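Computation of the quantities below employed the complete heavy-atom set of this structure, encompassing side-chain atoms and omitting hydrogens, waters and symmetry-equivalent molecules. Since the structure is predicted, the reported quantities are computational estimates derived from the model, not experimental observations. Every number for a ligand or one of its atoms is a count from 1 in the order of the listing.
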Amino acid sequence: MQPEPTLTSSQLTAGQDWPADRYAAHARFVADLASPVVDLLAPRPGERILDLGCGDGVLTAKLTALGCSMVGVDGAPDMVRSAVARGVDARVMDGHALGFGAEFDAVFSNAALHWMKADPDAGIAGVARALRPGGRFVGEMGGHGNVAAITVALVAALNRRGIDGAALIPWYFPTPGGYRSRLERQGFVVQQIELLPRPTALASGMAAWLHTFAGPFLHNLPAAEREGVEREVVELLRASLCDPEGHWTADYVRLRFAAILQP
Ligand code: BEZ
């Protein structure tokens, strides 16, 4: 079996470009589809909750409106600026190196943990440090098989140009068993963890999705070649992810979990 290619942390974040206006225009569905994981969190008024990977703070603000005392962290300064403008107590922080100590009732994360590929254990260790004993870690991320067709198309288009596309995959999409083991090793008791296929309608289409999320595959290419790859990927995917009426759906698979930090 081939070993997994290992990329350094800075290689993995290269090309991750998060302009808040682009995210708001093409990725609002990320927050809009988060009700099930918010329900699993079951936030109670007065709880102090950390939103790990808060992005532009739309969900963080919703949790504040439910009476929670929220802190948001994200690695992308432009997203944090947007969250602060929304009134969120948001800070720029690397999710691999959280700087909190036993101060939260819960840590919540939606659609962010799969970007912390460099060292998932370091991310979970930071969550464990941030929680008071008995605190909960509730999240949803891409799980095994997430955006598989999109990834194959990107890798194929790059391989055709002599670039090792697989080595550029910036995402970590674990299985329930794999993530459960990591949580347990850091002192969590896992209450629930499951994979949920969730085909996701892309109102802005596939080209906009690639533009928003596939930067790490494409950022080293000259602009003209980048556009050529994006067009090729869109055409490779059309038969499977675009319906006859021209509506695109992404092949999302969520990993949703709830765990308690052992007192
Ligand atoms: C996700 O939320 O599953 C996801 C978002 C962007 C790129 C890859 C996965």
* Structure fact -> Of Y252, F213, W171, the one whose closest heavy atom lies nearest atom 8 (C) of ligand 1 is W171
* Structure fact -> shortest atom 9 (C) of ligand 1-to-protein heavy-atom contact is with N146 ND2, 3.5 Å
* Identify the protein heavy atom lying closest to atom 1 (C) of ligand 1, giving its residue, its atom name and the separation to 0.1 Å. => H114 CE1, 3.3 Å
* Any pair counted as ring-ring contact (aromatic ring centres under 6.0 Å, His included), so long as it reaches residues 175-194, sequence neighbours left out -> F137-F188, Y179-F257
* Please identify which atoms of ligand 1 are closer than 4.0 Å to at least one heavy atom of W115. => 6 (C), 7 (C)
* Should D74 and R81 count as an ion pair when the cut-off is N to O under 4.0 Å? -> no
* Under a 4.0 Å N-O cut-off, is there an ion pair linking R136 with D105? -> no
* Between R231 and E235, is a salt bridge (charged side-chain N to carboxylate O under 4.0 Å, His left out) present by the stated rule, with each step listed? -> CA-CA 6 Å; R231 272 197 302 275; E235 290 319 311; over 6 Å; no
* Relative to ligand 1, is W209 under 4.0 angstrom through side chain, backbone, both or neither, heavy atoms considered? -> side chain
* Under 4.0 Å, heavy atoms only, figure out whether ligand 1 is touched by the backbone of M141, its side chain, both or neither. => neither
* Output every pair passing salt bridge (charged side-chain N to carboxylate O under 4.0 Å, His left out) with a member in residues 252-263, not counting sequence neighbours, ordered by first then second residue. => E140-R254, E140-R256
* Asked: If you measure every N/O of R254 against every N/O of ligand 1, is any gap under 3.5 Å?
  -> yes
* Just by modelled atom types, is the R44 backbone N or O under 3.5 Å from a matching donor or acceptor in the E47 side chain? -> yes
